[in-house]
Structure formats: structure tokens, C-alpha cells
Amino acid sequence: MTTDLDSDRALEDEENDQFGFVGMAKRLAPSIVQAAKGDGMVIGLEGRWGSGKTSLLNFLRVELDSEQAEGIYTITIAPWLNGDSSSLVSSLLEPMAAILKNREKELEEVDGEQWNVTKDKVAEVSRLLRSYGPKTARRLASVANVAGYFIPGTQVLGNALEAGAEAAEAIQPSELTPSEIKQELVHKIQDLDVGFIVILDDLDRLEPEQAIEVVRLVRSVADFPKVVYLMCYDREVLSHALKTGLQVEDGDLYLQKIVQLTFNIPLPEPFDLRTQFFDEAKEVYTKATGNPAEGALLDDLRSAVDREGGGLSTPREVKLALNSVRFVFPQVKDDVYFPDFCRLHLIKTTHYQLYKWLERYLSIRSVLVTGDANVSKDEKAGMGEELKVLLPSEDALSGRSIHSLDRFIPGISNADAAAGRVFNSIKSSSVSEAIGLKRLGSPLHYRFYFALTGPKTVMRDQDFNSLLDLARDDVDHLTTRFAEEVRKRRTSGKTWFEHVLDRLDDECIATLNEEQLSGILQALSGMMDVAIKEDGAIRVFSRSIDATANAVAKSCLSQLRELSLEKQAETVCSMARDGRAINWLVGYFFRSQLFRHGRVGDEADSPERWVMSDEVLTDAIAILNARVAMPETKALIPNLPDLSAYLYGWLNITKDNQAVDWVREYSRADEGFIDILNRLRGWAMSDRVYYPLSEKAVSIFLDWDYVITRLESMKGGEYADQVAELQVAIEQARD
């Protein structure tokens, strides 16, 4: 579905005039007609590209055509459509001659001596115009050919003019010189009861050499009485073309010699452009969504247009911005916040370099928020300096100040230090709000505003929401899906499962019902051992996947406690009894709860910060005590992804020597002994990551002197390489 685009054609229907062009035309037309009855004049209709010059001309033509009864004829010429292969002189003079020829035919049908005299005058002027055109073209050809030596491009023009002149003279030879013909024309036109208004539109589209030729023709060749030239152009553009083509110091001064009178397209009245954008934007929203813009969304839209719409300067800019919105919004309406979308396209139209800066900033910030990358201080400073150049104003109310961004672009500040202007931290609640509303500042949605698709490092909303549906309806399927996402890597190297955990923040969890909360907890207890195994390497600079999952589980339990204590107790016991991720349950999740309740360690949380009651934890630990003692559970231990964590958790849960006894039994074989020592190694980092083996970690389970002696005895045997590596690890721990 798309909304109707505006082709940006000039206005012709008076009902579509929103900027007073019809009123201007009605008041300008009589003065132009009067000028066409006198000595002639060159009038400049000046305005920026997109200001509505052609629309005003269209309405002027309607008014001027109504004056034909008084013998005033309007001719429209677009010189930029005439290439080098046709004569500009003919394009100016032939339409006049043609009108007079028609006038002559009309007079032939009228009897009377007076009409016959008038008819003869009209015929003579028509003949002189047809003769004057070719001769003038030949003269200008000579000038252009000479000029070609110092004005690029005029050689071709001169050749074309000369060729046209030769062809015309072969048909209509004349003995008079161009100057003589012109003098005769001046006298005879003064006697005629006929006037001409010649409209020359879009002079600012001409190449410099063409612009020179047109203004020269208008002022020197065809400046007849009763002929008004209405030249339409952007003064700055045409002046520059004249300066370039003539190689003069001041093109504007040269233009003043040509034009005797100027009328500037006035600026739109304050707020007219913003009002037009606002009104039409509301229609776009309603048509695309089927709902009216109202409430907070309407207020935000009005605020966005008031702030960014201040940069609009021409009706064309309004059309450009609205067309961008019309073209794209229907395709992304479910993934963006409409006021921010309009705001961005207003910036794109009025301040394109800022638009490109925002795209780069938001793309970098997105991977910072998701933890997929870092940004250096130098890069921060560079972007901060660029932002200050783009938005230099210190006025908080100005649309050209950094303050204008802080309401919808997160992490922006008007700090003195360049690096302090960008990538500042914001509250997690603000991030969640941006995500919830799908705002431009959302790291999950920003790319829809620029590329019509989400970031590659972010899961689509519909896919994420499907996981929440499974949490409610099909826990086994959710467990499988979580495990599948663990095995999928994003372009950053991190897994999609980590992204899911990141999105399950406190604000998201607060929106879930008790079935969804219970489903997520049961799914985690069913697959987290897979995640720990896939996570593999030590996380030096980022949070481990088990720590992230623990945080999500605790948040879910807290919310579930608010909704239903009974459901929470049922879920916790189900996790302890049925959860297949025994490594995570024993070594991470329930072990952390023992610490929080003060059953292990000496840094207990206060009871009001517990996520479950002491009674619920007691019931769950009892279930785990029974599980860890089972032969089938013990058979899993050698293949657990984080054996050391499991062993420590086993010690804390049972408070006896079950874990120590298992380690000593497993270590009877040399293979088991080497495996246990390797699995008890820690990590440290200086110039690289090391994996030391400390006495403290080993002595909990095995006598340290026994370990040293046994390793020494194994140096020349089957496991010599592993023994040597472990002995180095022991030395690293001592250092």
C-alpha cells in the first residue's frame, strides 16, 4: 500500500493555491498589460528554486489571456528546451510574427478603409520580423564564433545560428541591414494596436553561454516597444551563470543592466509551510494505518514539525519531505514511530548532512547498546566535533542547536568537550521506552527509518514476540528455540540467544503474564547447559552468558512473585526437579540463591531483596540434593560444560563430601586426574589470557602435595605434554 505522491508539478488549479499566488497574479497582471502598451520593458520574476515561480506564472497566464481583447498577446518560451541546433532568435521572434499573421487574416474579413490600412501595417511588421530574425541570427553567429575563443561552448552555438540564418535567408532575402530593419520595426510596432508579453521561464536552468545569449537577445536585439519580457529565474543562479559565461566580476550587476523591474516571490507567511506539512502528514498517517493521528502521537507530531519544520523555506521542500514520508511510511508503519519518522525526513530535506550524521551515529550506538562493539575516545571526539559544526547554535530553542536533538536522539549532550557530546549513557528505562514506541533512538528499530529493514544484529519484533508466545503456549518448543538461537551467530560474533536475553530486560518482563514468566524460567532450566558449552571461551570484557541468564531468571522470579506466589513456588520446584541444565541449575542459579540467602558465604542480601522465600528455596534445594546423588546424574558430570562450577555448587547444596568423594574416585585413573586439574584451572590476563592452576582451587578436592608429586611422577609417561602444561599453569598461579 502506498499513499498518493505529489509529482511537484506547478500549480494550475486555483483551489490548490495555499500560498496566495492567485491573488498576486490578479494584482500583477494589470500592471504588466499596461507595460505592454508602452515602450516595452524587461521584468524579472525572481525566486529560489522551488519557491513557486512557475505556479505564479501559470496563474498569471490565466489573467493575461483575459486581456487579449485589448490586443495584448501572451507568448511563453522555455529557452532551456532549445538546444544548440535551433535558433534562439527565431524562438523569440517567430511567435510574434505568427500572431501578427493570424491578426492579418482576421482583418482581411473586415471591410473598411481603416481596417485595410491596419491590415497592411500588421502584414508589414510580420514581414519585417521574419526578415529580421535570420539576419540577426547571422550577426550573432559571428559574435558567438569569435566569443568561442574565450567562452567555452559558444562556438557550437554560433555555427547553429549561422546555419539557421543561411537557410532562412535563402527563402526570404532582404537588402536591409539588421539595424535598419530594427529601426523600421520600432516605428511600425508603435503604430500598431497590438502588444506582446513574452514569458521566458526557467532561465536559471540554462548553461552559462545560453544564459548570455538570451539576455543579450532580450535587451539588445528584441527590445521593441509594446513588448514586455517577463523573465523568470533564481537571481543567485542566473547571476552566477552570467559571471561564469562572461567572465565578469559581478554577474548580478550585469543582470541589473538587462532588467528594469523585478518582483520577488515573497516568503511564505510564518508557519504556512509547517502547517501544510502537518496537515498533509496527518492524512498520510490516517491513510496508511486506518487510524487518525491523535493523543500523544499527535502532540509529538506537532512538536516535531514545529521544531524541524522551521527549516522549510519553499513549497518544493514541503513536497519533497512529504513525498519521502508518503513513499516509505506505508512500508514500515509497523516498525517506526510516525512523529520521529516525519522529523527525520524534515531533517533530510532541510539539513541533509545532519541526516547522514544521524544515520552513522545511530548505527554505531546500536551495536554499543547491544554490546557488539566499542567506540574509541578519538572516534567519539571526531563525531562530537562534526556535530558541533552541523549544529553550532547555543540557543536551546533553535533548530540548529544540539539541544534540538536531545529529546529524540539518545546520548547527545551540548558538552564543552567534543567526546562528551556523543554516546553518553542513558537510563535503561529510556532505552526500553524508545524500544516500546519504536522510536528513532531505539537500537532495535533505528535502521527501519533509513533502510526499511531492521539491523542485522537485532531480531525482528515479530520473531521475538513469537518466543514470548511460546513461553505461554509451548515451553518444550521454546526450550528448543532457545537452544537453536544459541548456535546461531550474529555478525558481531555473539549469539542470537544473547540478544534474546538482552531484550528480556526488566521493562519487557514487567509486561509478561505468569504463564510466560514460568515458561521462560523452565526453558532456561532446560537448555542453559547448551548455552554454557557454546559460550566456551572466558569473557574478558563482556558479561558471561550464564550471568546474563541468571539476571533474567531473577527478574522473572521477582515479577512472578508479584503476580502469584503459588505459581512462583511451583515453577522453582519444577526447575529443580525437571530442568535438564543441571550444570547451570547447581553451579550457577541455585548456588547464587544460597549466597543471597546467607546459606553460603558472608554477604547475604536483606530478605526484602530475595526473589523467592526461604521456604521455596529450601524445597528446591531438597529436590536438588536428591538429584545430584542419583547415579544417572553422576554419569553426566564428566561431560558437563563447566565442571568446576558444578562441583562448587554441589558442595554448597549438599554440605557434605559427596563432591570431594566423586572427584577422588574420578581421579584414580590418570586420564580423570588430568581432566579434573584442567577443569579446575582459572584465568588471568596481562599481555594475553592465561589459565593458571592454583593450590586454593585444587585443595578443596585433592591434597596439594599429592597433586604435585603425582604430576612429577607422570612427566615421562602417556600424558607428558598435558603434565608439562599443568606444571607451567601451577607456576603461573604462583607468580
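Count residues from 1 along the sequence.
A salt bridge links Glu386 with Arg360: the closest approach of a Lys/Arg side-chain nitrogen to an acidic carboxylate oxygen falls below 4.0 angstrom. A salt bridge links Arg326 with Glu280: the distance from a Lys NZ or Arg NE/NH1/NH2 to an Asp or Glu carboxylate oxygen falls below 4.0 Å. Salt-bridge formation is not detected for the pair Asp234/Arg48: no Lys NZ or Arg NE/NH1/NH2 atom is positioned less than 4.0 Å from an Asp or Glu carboxylate oxygen. A salt bridge is defined here as a Lys NZ or Arg NE, NH1 or NH2 lying under 4.0 Å from an Asp or Glu carboxylate O, and Glu359 with Lys356 meets this definition.
Using a 4.5 Å cut-off on side-chain heavy atoms (C-beta onward), Phe450 and Leu440 make contact. Residues Phe341 and Val328 have side chains in contact (heavy-atom distance under 4.5 Å, counting atoms from C-beta outward). Counting heavy atoms from C-beta on, the side chains of Glu46 and Met231 never come closer than 4.5 Å. Put simply, the side chain of Leu358 reaches to within 4.5 Å of the side chain of Leu344, judged on heavy atoms. Side-chain atoms of Tyr285 and Thr289, non-hydrogen and from C-beta on, do get closer than 4.5 Å to each other. Within the 4.5 Å cutoff, the side chain of Leu301 has heavy atoms near those of the Lys282 side chain. Annotation: side chain of Ile402 is not in contact with side chain of Leu390 (no heavy-atom distance under 4.5 Å). When side chains are defined from C-beta on, Lys226 does not count as touching Ile72, because their heavy atoms never get closer than 4.5 Å.
Between Arg365 and Pro410, the closest heavy-atom pair is CZ-CG, 3.3 Å. The nearest pair of heavy atoms linking Thr314 to Leu273 is N-CD1, 3.6 Å. Across all their heavy atoms, Pro330 and Val325 have their closest contact at CD-O, 3.9 Å. Closest approach of Val389 to Pro392, counting heavy atoms only: O-CD, 3.7 Å.
Checked by atom type and distance alone, the side chain of Arg421 pairs as donor or acceptor with a backbone atom of Ala415 at under 3.5 Å. With Ser404 contributing its side chain and Ser401 its backbone, the two residues share a donor-acceptor pair below 3.5 Å. A donor-acceptor pair is defined here as one N or O able to donate and one able to accept, closer than 3.5 Å; no such pair exists between the side chain of Arg400 and the backbone of Leu391. In terms of modelled atom types and a separation under 3.5 Å, the side chain of Lys53 and the main chain of Cys232 share no donor-acceptor contact.
At a cut-off of 3.5 Å, with distance as the only test, no side-chain donor of Tyr233 or Asp201 sits close to an acceptor on the other residue. If you check the side chains of Arg61 and Thr76, you find a donor sitting under 3.5 Å from an acceptor.
Take Ala25 and apply the side chain to side chain contact (heavy atoms under 4.5 Å, CB included) test, not counting sequence neighbours, and it matches Leu56, Phe59, Leu60, Glu63. With sequence neighbours excluded, no residue forms a salt bridge (Lys or Arg N to Asp or Glu O under 4.0 Å) with Asp250. Partners of Glu249 according to the salt bridge (Lys or Arg N to Asp or Glu O under 4.0 Å) rule, which considers only residues two or more places apart in sequence or in another chain, do not exist here. Evaluation of the side chain to side chain contact (heavy atoms under 4.5 Å, CB included) rule for Ala304 yields Arg343 as partners, not counting sequence neighbours. Thr349 meets the side chain to side chain contact (heavy atoms under 4.5 Å, CB included) test with Glu317, Leu320, Ala321; sequence neighbours excluded.
Taking the six-membered ring where the residue is Trp, the centroids of Tyr449 and His445 are separated by 6.0 Å or more.
The line from CD1 of Ile197 to OG1 of Thr74 is 4.5 Å long, rounded to the nearest 0.5 Å. The CD1 atom of Ile32 sits 10.5 Å away from atom CE of Met41, with the distance rounded to the nearest 0.5 Å. Here the straight-line distance linking atom CD1 of Ile199 with atom CG of Leu45 works out to 9.0 Å at 0.5 Å rounding. Asp272 CG to Leu312 CG: the interatomic distance, rounded to the nearest 0.5 Å, is 11.5 Å. How far SG of Cys342 is from CG of Leu322: 8.0 Å, rounded to the nearest 0.5 Å. With rounding to the nearest 0.5 Å, the separation of CZ in Arg447 from OG in Ser442 is 14.0 Å.
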Evaluation steps, salt bridge (charged side-chain N to carboxylate O under 4.0 Å, His left out), between Glu385 and Lys380:
CA-CA 9 Å; Glu385 289 171 359; Lys380 284 185 178 181; over 6 Å; no

Between Ile364 and Met383, does a side-chain contact (heavy atoms from CB on, under 4.5 Å) hold up when you go through it step by step?
CA-CA 11 Å; Ile364 296 173; Met383 293 201 71; 3.8 Å; yes

Test Val214 against Leu200 for side-chain contact (heavy atoms from CB on, under 4.5 Å), laying out the working first.
CA-CA 9 Å; Val214 170; Leu200 299 168; 4.3 Å; yes

Go through the steps to decide whether Phe271 and Thr275 satisfy the test side-chain contact (heavy atoms from CB on, under 4.5 Å), and finish with yes or no.
CA-CA 6 Å; Phe271 302 107; Thr275 299; 4.2 Å; yes

Salt bridge (charged side-chain N to carboxylate O under 4.0 Å, His left out) between Asp335 and Lys438, worked out:
CA-CA 6 Å; Asp335 302 294; Lys438 303 174 183 177; 5.2 Å; no

Tyr229 and Ile43: CA distance, side-chain angles, deciding distance, side-chain contact (heavy atoms from CB on, under 4.5 Å) verdict:
CA-CA 6 Å; Tyr229 291 96; Ile43 300 173; over 6 Å; no

Distance-only donor-acceptor pairs under 3.5 Å for side chains of residues 255-263, two or more places apart:
unit_1	atom_1	unit_2	atom_2	d
Gln256	NE2	Asp252	OD2	3.2
Gln260	OE1	Val42	N	2.8
Gln260	NE2	Ile258	O	3.1

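More than 12 non-hydrogen atoms from other residues, nucleotides or ligands lie less than 6.0 angstrom from NE2 of His351. Around CG of Asn264, the count of heavy atoms belonging to other residues, nucleotides or ligands within 6.0 Å exceeds 12. By the neighbour-count criterion of 12 heavy atoms within 6.0 Å, atom NZ of Lys388 is densely surrounded, having more than that number from other residues, nucleotides or ligands.
Within the cation-pi definition used here (under 6.0 Å to the ring centroid, within 45° of the axis), Lys348 qualifies as a partner of Tyr355.
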